[in-house]
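Just below is one structure, and these are the notes that go with it.
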Amino acid sequence: MKQFKTESKKLLDLMINSIYTNKEIFLRELISNASDALDKLSFESLTQKDVNVEGELAVRLAFDKDARTISVSDNGIGMTEAELDKNLGTIAHSGSEQFKEENSDHQGEDVDIIGQFGVGFYSSFMVADKVRVVSRAYGEDVAHAWESDGVKGYTIEEVAADQLPEDLSGEGAHGTVITLYLRLSTDEDDTDQYLSEWKLRELVKQYSNYVRYPVQMMVQKSRELPKPEDAGDDYKPQYESYEELETINSMTPIWKKRSSDVEQKDYNEFYKSTFHEWSDPARTVSFHAEGALSYDALLFIPSEAPFDLYSKDYEKGLALYTSNVLIQERCADLLPDYYNFVRGIVDSPDVTLNISRETLQQNSQLRAIARRVEKKIHSELESMRDNDREAYEKFFDNFGRGLKFGIYSSYGSKASDLADLLLFWSARKQKMVTLKEYAAAMADGQDKVYYAAGDDRERLSKMPIVKTALDHGYDVLLCTQDVDEFMFQFMRSYHVDAVAGDSENKGTDARDVEFANVSAADLDLATDEEKKEAEEASEKNKDLFEQMAKDLGDKVSSVKVAAQLGDAPARISSEGPVSLEMERVLEQGPDAGKAPKAQRVLELNAAHPVFGKLVAAKDAGDENRLKLYGDILYNQALLVEGMPIDDPVEFAREVSELM
């Protein structure tokens, strides 16, 4: 018995138990090796006159339940005794990698070698306690068998003609047959599952569906027998089982085809079957890149949001293939979080993988692909927004929250990229608008984008301050998602491009307009006349405001006159970094008790009849009545803002007392 030409026990044990995280990939590795052998023969037939390929090049799978074996065979280039010793006896020596290096000046699209590290074969020992490899090199008269338990070493011996596997028997036969003798199943390790047609089909479909050569297997089928001529009326159809060689992989990946050669219905079917979706995608993006880094990409923008999109269990990412072989089912690095809803595939022969071929070695390559992918997604969303608004609004309803969160989570650094993809409900136009559309319709002299944040659009539209803004000629964006207020805090402003003037319009210069919450205490909507009246009322009733602030205690930071309340008697506003909406959202979180509070301000409408009642109570020295009025106005204002009141029972008692 020969020994492995390394510290075999340590290295082989490391590879079998540490390099690979998923035992199922053993079949992927063996099929990839078989595909490489077929590629080598195909390449040799193109470059060597004495090498001729006869018949179909293919990979064959078979299993034997009784013998507990799985075999993977190919009619590729095969290996001599010396090559078996070198390729399988020397761990981490890659015959495929050597072949690539030796033929680097001649390779074209006709050869696409997958193997790189020479360790994939040894993944067999994750499920098998013995592996036998019988190989007959092209042009050789004899075959040799390599056999090992993966621990003690290996043997190589010549195989007699009458003991050759069927695939290698016969004159001129060539190729390799790998037979795995599976370990016995345990509670922790179910190897029995691999001794079934459905499981082998599943593994091929998942990992090797797009290997360029057919992967074939004898499968059980059933067919109806002809009805006998003398059968009576009560004859029941009879069936027989039979075996048939079937190709179980697709071979040609749809993402390698030119988009002009593929119908949308084919893309739709691929999307639904691959990603287990029920509805067609909203958009399909297919593109190819060549250069220092070549790759194909096929992206889908879903038409429906998955139920777990915003849960912690949701996994983003695109399927990453190299040379048509699946490497990662969800490569998260290919997508930014705000585009986590996109499904698709990237296939590149140039990405540098680590030794297990399960993760990437160089992130710079991945970042280059990810940047291009992001630009393509962004461009497609812009096209949908501009050319199919109805579809885009449906898309935004499903996935817009993620775009907003992208601005928030990046501390506003992604605002310039994502801002124009956002949609908001316009209180004036009664429809969804972009920030660009809002800015184009701003009133003369308007230097802010006004918005109201809460949990219900209908309630927001009825807020007195929203009506006041509309009355003064300012549109208000009604925002009902919990991320809105936080996003605006980081966006701070929106850049408005310059507009050229004409004979009727003088145009506008490029400028940045700030976002302003209409619930802020420093909101400035009033006319000069309204401001003057408010200042006079403030000066005249200073004692009234001080007494009301004292009665309300730490519920408010101050009480003052507002100049823009319309027909509302009072409102609650906030000052400082924490708005009322931020307080409401934070109180719904797990650390509600530690959440910061907004600094509330009770603003009074000096033009409202209720204000006269307050002044009268103060002048009469009726402190109890003034306190009652103050409490009721404060709690009413909270309800209008959608905020909970501290003591509903006490509020009800005070209303009853007033009545």
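Any value given below was found using the heavy atoms of this structure, including those in side chains, with hydrogens, waters and symmetry copies removed. For reference, positions follow the sequence shown, starting with 1. Model, not experiment: these values are computed from the prediction.
- The aromatic rings of Y339 and F341 sit perpendicular, their planes meeting at an angle over 60°, well past the 30° parallel limit.
- For K375 and E382, the salt-bridge test fails: no basic side-chain N is under 4.0 Å from an acidic carboxylate O.
- Side-chain rings of F405 and Y408 approach one another, their centers coming within less than 6.0 Å.
- Residues C479 and F424 form a side-chain contact, since some pair of their non-hydrogen atoms from C-beta on lies under 4.5 Å apart.
- Using a cutoff of 4.0 Å between basic side-chain nitrogens and carboxylate oxygens, E277 and R343 are scored as salt-bridged.
- The NZ atom of K256 sits 12.5 Å away from atom CG of L298, with the distance rounded to the nearest 0.5 Å.
- Heavy-atom contacts from other residues, nucleotides or ligands closer than 6.0 Å to NZ of K205 number 12 or fewer.
- Sorted by first and then second residue, the salt bridge (Lys or Arg N to Asp or Glu O under 4.0 Å) pairs involving residues 296-313 (not counting sequence neighbours) are E304-K394.
- The aromatic rings of F490 and Y411 sit perpendicular, their planes meeting at an angle over 60°, well past the 30° parallel limit.
- Under the 30°/60° scheme for interplanar angles, the aromatic rings of Y271 and F300 are found to be tilted.
- D475 has no carboxylate O lying under 4.0 Å from a charged side-chain N of K429, or vice versa, which leaves the two without a salt bridge.
- At most 12 non-hydrogen atoms from other residues, nucleotides or ligands lie less than 6.0 angstrom from CD of E329.
- At least one side-chain heavy atom of L523 sits under 4.5 Å from a side-chain heavy atom of I465.
- At most 12 heavy atoms of other shown residues, nucleotides or ligands fall within 6.0 angstrom of atom CG in D567.
- Residues D543 and K618 are not paired through a salt bridge, judged by the lack of any N-O separation under 4.0 Å between the basic side chain and the carboxylate.
- Ion pairing between a basic and an acidic side chain is recognised when a charged N comes within 4.0 Å of a carboxylate O; K532 and E529 show no such pairing.
- Around atom CZ of R492, no more than 12 heavy atoms belonging to other residues, nucleotides or ligands sit under 6.0 Å away.
- At a threshold of 4.5 Å between non-hydrogen side-chain atoms, the residues V578 and K597 do not count as touching.
- Taking the ring-ring contact (aromatic ring centres under 6.0 Å, His included) definition, one finds that F515 meets it with F488, sequence neighbours left out.
- The number of heavy-atom neighbours closer than 6.0 Å to NZ of K467, taken from other residues, nucleotides and ligands shown, is 12 or below.
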